[in-house]
Amino acid sequence: MSVACGIVGLPNVGKSTLFNAITQAGAEAANYPFCTIEPNVGIVAVPDERLAVINGFIETEKVIPSSLQVVDIAGLVAGASRGEGLGNKFLAHIREVSAILHVVRCFEDGNVVHVSDKVDPVGDVGVIDLELIMADLDSVQRALEKTAKRARGPDPEAKADQPVFEAMVAWLESGKPARAGDWTAAQQARLSRLQLITAKPVLFVANVSQDDLHGQSPLVTALFAHAAAQDAGALALCADLEGELASMDAADRAEFLADLDLPRAGLDRLAQEAYKLLGLQSFYTAGPKEIRAWTIRAGATAPQAAGVIHTDFEKAFIRAEVYGVDDLVACQSEQAIRAAGKMRSEGRDYVMRDADVTHFLVGK
C-alpha cells in the first residue's frame, strides 16, 4: 500500500537517530541542524505475534510481517512557512506522507545543541504546529480566492466549496490544526482536496534519556498532557537505546529488555501505534511457501484485499475462504476448521476483519 509516516521535529531532537534504529538504513545523525536535507525513506516491519501463532500450526518456508514506509524529513525551524531554513523542502515532503510521527526532545544534555537553547517539549511542539498551521492557512486562502471568483458565476461546486473553505480559514486563524475541528463528512470530502498538513493524524514520540526509560519526567508529563488535549497519541522511548537494541540478536535483545524492566522495545510499540494511526489492519495468507501479513485499510472489502496481493486479483475475484486466527488455535489445523464448519465462504461485499486468514479464489 502507498502509505507512509513522516518523522518530523525540530533539529537535533533525535529524528535521524530514531530513523536509524527503525530501518538500520544509516541515515546521517549529526549534532547540528539540517543534517538530513533530503528525506530518507525506509521500511519498518510491524511486529505481529499472530504470525508466530499461525506458524505454530502451519509449517512454512518463511514468515513475512506487514511493513510501513517511514520517511525521515529535514528539521523544521520557526519561519519555515515563509521559507526559513529548509522550510520549503520540509513542507513539500510532509505533504506527501499519510501520518506524522512528531519526535519531541524530552531530555537534558548540554552536549546536544537545542535550536532554541532550552528544552521545552510543549514549546517545541508549538513551533512546528504554528508553522504547519500558517502553511495550511496560506494554501486555503489561495484556494478560497480562486473558488470565490468561480462562485460568482454558475459553478455549483465552487458555491458549495466557498463556505467550507471560509470556515477553515477562520479555524486556522484561531491557531488550531485542521484535525481538531468537528467537520462533517461532506465538509471533510471538500477539504480533502486541499491536502492540508494539519489534517494528518499525529503521534507524539517523546525522546527520553536512558535515565527515564519509562517516561516519567516532568518534560514527558507535559508533552503527554498536550497530546491528550489534542486527542493525539503519545509514547516515550529512548532513540539511543533503540539503536543499541536494533543491533542485537533476538535473544540478547530480550535479555537486555528484561534487565531494564521493559516489556518490549520502543520501536515495537512505535510501529504498532503508527499502524493504528493510519487506520490499517492485517489479514494473512498461509501455506507451505510462506505465511504473510498483508496491509489493508480498515473497512476494505475482500476483492480490495485480494488486489493488495496482485492488482489483477481484485477484478478476477470470485470468493474468499476465510477463518480467524482464534479458529486455528481452537481447531489446530485448517482441515479441522473445515470439518468444524468454521471455514467461511465470503463474496464481493465481505468487509475484511482484522486477523482474517484468507484463501482467495480468482478467475482467469
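The figures here come from the full heavy-atom set of this structure, side chains too, leaving out hydrogens, waters and symmetry mates. Values in this document were obtained by computation on a predicted structure and should not be read as measured data.
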Minimum heavy-atom separation for [X] to [Y], with atom names?
X    : Y    : answer
G233 : L203 : C-CD1, 3.4 Å
G307 : F313 : N-CB, 4.4 Å
R348 : E314 : NH2-O, 3.7 Å
F360 : A305 : CZ-CB, 3.9 Å
T60  : K289 : OG1-C, 3.3 Å
K200 : I94  : CE-O, 3.2 Å

[X] side chain to [Y] backbone, donor-acceptor under 3.5 Å:
X    : Y    : value
K342 : V322 : no
R253 : M248 : yes
D268 : P47  : no
H214 : Q216 : no
T198 : A178 : yes
Q187 : V164 : no
Q281 : M352 : yes

Common cluster, [X]/[Y], ILVMFWY with side-chain heavy-atom separation under 4.5 Å:
X    : Y    : answer
M343 : V325 : yes
F204 : V122 : no
I296 : V357 : no
V104 : L241 : no
I58  : F283 : no

Check this for me: does any side-chain nitrogen of one of [X] and [Y] sit under 4.0 Å from a carboxylate oxygen of the other?
X    : Y    : answer
D72  : K15  : no
D354 : K276 : no
E321 : R338 : yes
R105 : D120 : no
E145 : R142 : no

Please examine the side chains of [Y] and [X], heavy atoms only from C-beta on, and report whether any two atoms are closer than 4.5 Å.
X    : Y    : value
E273 : L278 : no
L18  : L267 : yes
I197 : R95  : yes
M168 : W183 : yes
L223 : C106 : yes
R150 : K159 : no
L51  : P65  : yes
V220 : D212 : yes

Distance-only polar pair, side chains of [X] and [Y], donor-acceptor under 3.5 Å:
X    : Y    : result
R264 : Q272 : yes
S282 : W294 : no
D48  : Y275 : no
E242 : N20  : no
T358 : Y323 : no
Q210 : E244 : yes

Between [atom1] on residue [X] and [atom2] on residue [Y], distance to nearest 0.5 Å:
X    : Y    : atom1 : atom2 : answer
D161 : L191 : CG    : CG    : 8.5 Å
R50  : D326 : CZ    : CG    : 9.5 Å
F19  : I7   : CZ    : CD1   : 6.5 Å
D349 : T301 : CG    : OG1   : 8.0 Å
S139 : L144 : OG    : CG    : 12.5 Å
R190 : T184 : CZ    : OG1   : 9.5 Å

What's the verdict on side chain to side chain contact (heavy atoms under 4.5 Å, CB included) for R344 and D356, showing C-alpha distance, side-chain angles and the deciding distance?
CA-CA 11 Å; R344 309 188 314 274; D356 275 346; 3.9 Å; yes
Trace of the side chain to side chain contact (heavy atoms under 4.5 Å, CB included) decision for H102 with L10
CA-CA 9 Å; H102 188 159; L10 292 176; over 6 Å; no
For [X], does the [atom1] atom have more than 12 heavy-atom neighbours from other residues, nucleotides or ligands under 6.0 Å away?
X    : atom1 : result
D249 : CG    : yes
E290 : CD    : yes
D259 : CG    : yes

Option from I133, V140, L137 for which side chain to side chain contact (heavy atoms under 4.5 Å, CB included) with E173 holds:
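For E173, the side chain to side chain contact (heavy atoms under 4.5 Å, CB included) check succeeds only for L137.
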Begin from the C-alpha positions of V208 and C238 and carry the test side chain to side chain contact (heavy atoms under 4.5 Å, CB included) through to its verdict.
CA-CA 5 Å; V208 301; C238 175; 4.1 Å; yes
R319 to F317, cation-pi by 6.0 Å centre distance and 45° axis angle:
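Geometry flag: not set, cation outside 6.0 Å or 45°.
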For Y284 and R292: C-alpha separation, side-chain torsions, deciding distance, then whether side chain to side chain donor-acceptor pair (under 3.5 Å) applies.
CA-CA 6 Å; Y284 309 99; R292 182 165 182 164; over 6 Å; no
Would you sort out whether V70 and V41 count as a side chain to side chain contact (heavy atoms under 4.5 Å, CB included), showing the intermediate values?
CA-CA 6 Å; V70 180; V41 181; over 6 Å; no
